[in-house]
Amino acid sequence: MAEAHQAVGFRPSLTSDAGEVELSAPMLQEIYLSGLRSWKRHLSRFWNDFLTGVFPASPLSWLFLFSAIQLAWFLQLDPSLGLMEKIKELLPDWGGQHHRLRGVLAAALFASCLWGALIFTLHVALRLLLSYHGWLLQPHGAMSSRTKTWLALVRIFSGRHPMLFSYQRSLPRQPVPSVQDTVRKYLESVRPVLSDEDFDWTAALAREFLRLQASLLQWYLQLKSWWASNYVSDWWEEFVYLRSRNSLMVNSNYYMMDFLYVTPTPVQAARAGNAVHALLLYRHRLNRQEILPTLLMGMRPLCSAQYEKIFNTTRIPGVHKDHIRHLRDSRHVAVFHRGRFFRLGTHTQSGLLSPRALEQQFQRILDDPSPACPHEEHLAALTAAPRDVWAQVRRSLKTQAQEALEAVEGAAFFVSLDSEPAGLTREDPAASLDAYAHALLAGRGHDRWFDKSFSLIVFSNGKLGLSVEHSWADCPISGHMWEFTLATECFQLGYTADGHCKGHPDLSLPQPQRLHWDLPDKIHLSISLALRGAKTLSGNIDCHVFPFSHFGKSFIKRWHLSSDSFIQMALQLAYFRVSWVPDPHPLSGPQFTWAPKTRRIDPFNDFLVIAMDRGQFCLTYESTMTRLFLEGRTETVRSCTREACNFVRAMEDKEKTDPQCLALFRLAVDKHQALLKAAMSGQGVDRHLFALYIVSQFLHLQSPFLDQVHSEQWQLATSQTPVQQIHLFDVHSYPAYVSSGGGFGPADDHGYGVSYIFMGDDVITFHISSKKSSTRTDSHRLGQHIEDALLDVAALFQEGQRLKRRGLGEDDSGHSRDSLPCHTRGSRAPTTATNF
């Protein structure tokens, strides 16, 4: 989600741990260390690797094989063809009475070797099968006989009852694309946004790069791909995230929302108790690998490596580079309420606390009348400061308040009990959702510990949310956890009729421990400065959230289109209409030529807005995953293609007919799908160019072409929040009980961040962000253009004509009708709930 901002913030002036201007480590040494880090990760989870390493076999299969060999030996048969006798000759001679023991040991050694050879064969076969990506390139709804055969073989070699990490050893490594193909695709992607002169200049730089430097840089990448688990992911984590010195707030965090239309209970402590219990149940299942691996098409496994650092993880600031600290276990959470910090134990000797016991502990914190100590209330603002500043202050803090700092950083996760309500309200649904998003993304700047892997936020009216730090994993991982949490705390744990957690309180539990911070005077000024910076950054973010309920995924699927590509093309149309270029004559005639054809114009209020909305295209960042490969993370889909631009121009050309626009739309969707599938299969553009750039920095090679690539600005950063566990939610009986997704900050000071989620079959929720300091952006205006664009695209289809009339405020007979800015729907709630 927020990775686009970090990618943009990545600059040529990289620094090493020693603070030098350029990286000084030799390239081969860096490749060696990358491989060493990979092997250390494998050794750190030896037992899990053993269980998953023998998959699709099991330890019991060895016992079965050994027993079969012993039985054959008893029947005077030799399945080893004389090998066991050879093994017996190599064993020490312990005398006649141990002759039978030598035979058993020889059979055990032979069984182990045979068992290992079979497992190795299965792994190699499965890895070769998983390296096939032809199924991705086939048309939607079509499946060749080759792909059907491949699916059958994958089913045979995949085994039964896999655990979370069962497929890790069988996943193929991410391939290094051809450098010629990458450069060609890059030039194709920037052609729609560059003038002829600028494009010719960029193409010349590319030719020079291919002629002088590309082959050497590519050789080093190939070498790394053979030695390390992934040729790019560790560098992506280090240089894009951990070496960034920007504030984490807005720049590197993203948020996830609660149910949009319902709140299962208005009791804050009860909601916190159930949510914390559900999260720790998820951690328990994670530790036992009881979470099923994610499978595409029900067969193709995705990499599960990112799940390891969900809990007990903190990003520790450093002067030049942060590092991620992950603990094997933590039996408490850190809680923040009204400027005070608490350590709340989550386990007793008998195990995890019940939801009702956790509610009791949270209520004790809420009822605690003690005031915050001086400067303690704003202490967490330091985690929103620039990383080098926070690193220096943390050194002093660690010497003066080590116990309190360790309680926070060593917690399973961070919990913030906010004193204000949040969420959708009847009185002002649009403004309340915007405020809800802003509270989750930035809060007040001092009430979140942004270093933690995630912070659970519980508002005074029982509404929930997450604030997630991005470096340790990507959105689908935290989204998977969040889906489980919402479903478990609402549908499985549930609440009593009066809104409390089920069960009984435990009065024998000690009070939550209040953390005391001995803050030296020199830190006070740092806290004040950090708070001022955090409030400035928070106040500059313009968030807008709206549910689009005119149609959803089911309408798009009926026309055999990709729902993601449909939205991406609508976003291109919306941005073209909303993009603003400074004009010395803002009220002169030509600017009206780009006004949207279906724009609902208020002659008094919209005059200046339409005057500013002029057509323009920009580089568009869409994040997709590369978890088809071992330790894969993300790749960029450059959605602003030549085909997309042709479609948008046709939509704004009154001379074009709907069939002509529809034909161009389908071409644009097909092109986007081709780019998406190429990125997923490791043939994207941006991660390869990023890795080439890193190698050039290690080798001290200056490349004007790579410098040009990494100076680009992404004025439109987009991401879809996937719904991965639809079986946990009954969207037909309870359509309101589905997560409303989340959002992130803009990637550029004059750009937008747009996230969207398909809520069931008939609603799409959009999360838009921009900066108020920019005179070129307006989140609400873009939101209106997105709604208009979706209706305009839908109107190209016969069934969409009716939807468009409704969106424009007309009934089926053409008469005007009133429409609500936020469409809400009721549903019978399975628990006590505030329902809209």
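Remark: the backbone N or O of P429 is paired with a side-chain donor or acceptor of S432 at under 3.5 angstrom. A donor-acceptor pair under 3.5 Å links the side-chain atoms of D542 to the main chain of S779, judged by distance alone. Between the T488 side chain and the T485 main chain, no donor and acceptor come within less than 3.5 Å of each other. K463 places a side-chain N or O within 3.5 Å of a backbone atom of V262 that can act as its donor or acceptor partner. No side-chain donor-acceptor contact under 3.5 Å links D748 to the backbone of Q715. A donor-acceptor distance shorter than 3.5 angstrom exists from the side chain of Q725 to the backbone of H480, with no hydrogens or angles considered.
Put simply, the side chain of F744 does not reach to within 4.5 Å of the side chain of N253, judged on heavy atoms. Using a 4.5 Å heavy-atom threshold, the side chains of F665 and F566 count as touching. For the pair D686 and R638, the minimum side-chain heavy-atom distance is below 4.5 Å. P421 is not listed as a side-chain neighbour of F459, based on a closest heavy-atom distance of 4.5 Å or more. Residues F766 and E787 form no side-chain contact, since every pair of their non-hydrogen atoms from C-beta on lies 4.5 Å or further apart. Inter-residue side-chain proximity for E643 and L664 is flagged as unmet; no heavy-atom pair is nearer than 4.5 Å. The shortest distance between side-chain heavy atoms of F758 and T765 does not fall below 4.5 Å. At a threshold of 4.5 Å between non-hydrogen side-chain atoms, the residues H672 and D564 count as touching.
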Take S460 and D418, measure what side chain to side chain donor-acceptor pair (under 3.5 Å) needs, and give me the verdict at the end.
-> CA-CA 6 Å; S460 62; D418 279 22; over 6 Å; no
Is there a side chain to side chain contact (heavy atoms under 4.5 Å, CB included) between V723 and E483 once you walk through the steps?
-> CA-CA 8 Å; V723 180; E483 290 173 5; 4.0 Å; yes
Evaluate the criterion side chain to side chain donor-acceptor pair (under 3.5 Å) for residue pair D749 and S774; output intermediate values, then yes/no.
-> CA-CA 7 Å; D749 289 341; S774 173; over 6 Å; no
Check the pair Y575 / F617 against ring pair (Phe, Tyr, Trp, His ring centres under 6.0 Å), numbers first and verdict last.
-> CA-CA 7 Å; Y575 183 85; F617 296 108; 8.6 Å; no
Side chain to side chain contact (heavy atoms under 4.5 Å, CB included) evaluation trace for F454 with S467 = CA-CA 6 Å; F454 69 90; S467 174; over 6 Å; no
Begin with the C-alpha distance, continue with both residues' side-chain angles, and end with the deciding distance and a verdict on side chain to side chain donor-acceptor pair (under 3.5 Å) for S639 and Q572.
-> CA-CA 8 Å; S639 302; Q572 291 299 316; 5.3 Å; no
Given R191 and R642, is the side chain to side chain contact (heavy atoms under 4.5 Å, CB included) satisfied, shown in steps?
-> CA-CA 8 Å; R191 186 64 189 93; R642 181 177 57 185; over 6 Å; no
List the steps and the verdict of side chain to side chain donor-acceptor pair (under 3.5 Å) for S563 and K553.
-> CA-CA 6 Å; S563 52; K553 182 166 58 176; over 6 Å; no
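The side-chain contact (heavy atoms from CB on, under 4.5 Å) with L424 is formed by just one residue from the set T263, D258, L433; it is L433.
A ring-centre distance under 6.0 Å is not found for Y261 and Y737. Proximity of the aromatic rings of F548 and H550 is defined here by a centroid distance below 6.0 angstrom, and this criterion is met. In this structure, H767 has its ring center no closer than 6.0 Å to that of Y756. Proximity of the aromatic rings of Y282 and F484 is defined here by a centroid distance below 6.0 angstrom, and this criterion is met.
In this structure, E635 and A679 approach most closely via the heavy-atom pair CG-CB, 3.6 Å.
S416 and R448 form a side-chain donor-acceptor contact under 3.5 Å, judged by distance and modelled atom types alone.
Pairs of residues two or more places apart, or lying in two chains, that qualify as salt bridge (Lys or Arg N to Asp or Glu O under 4.0 Å) and include a residue from residues 660-672 are E188-K671. Applying the salt bridge (Lys or Arg N to Asp or Glu O under 4.0 Å) test to every pair with at least one member in residues 615-625, sequence neighbours left out, gives no pairs at all.
Using cut-offs of 30° and 60° on the angle between ring planes, the pair H544 and F546 is parallel.
In this structure, OG1 on T721 lies 10.0 Å from CD on Q724, to the nearest 0.5 angstrom.
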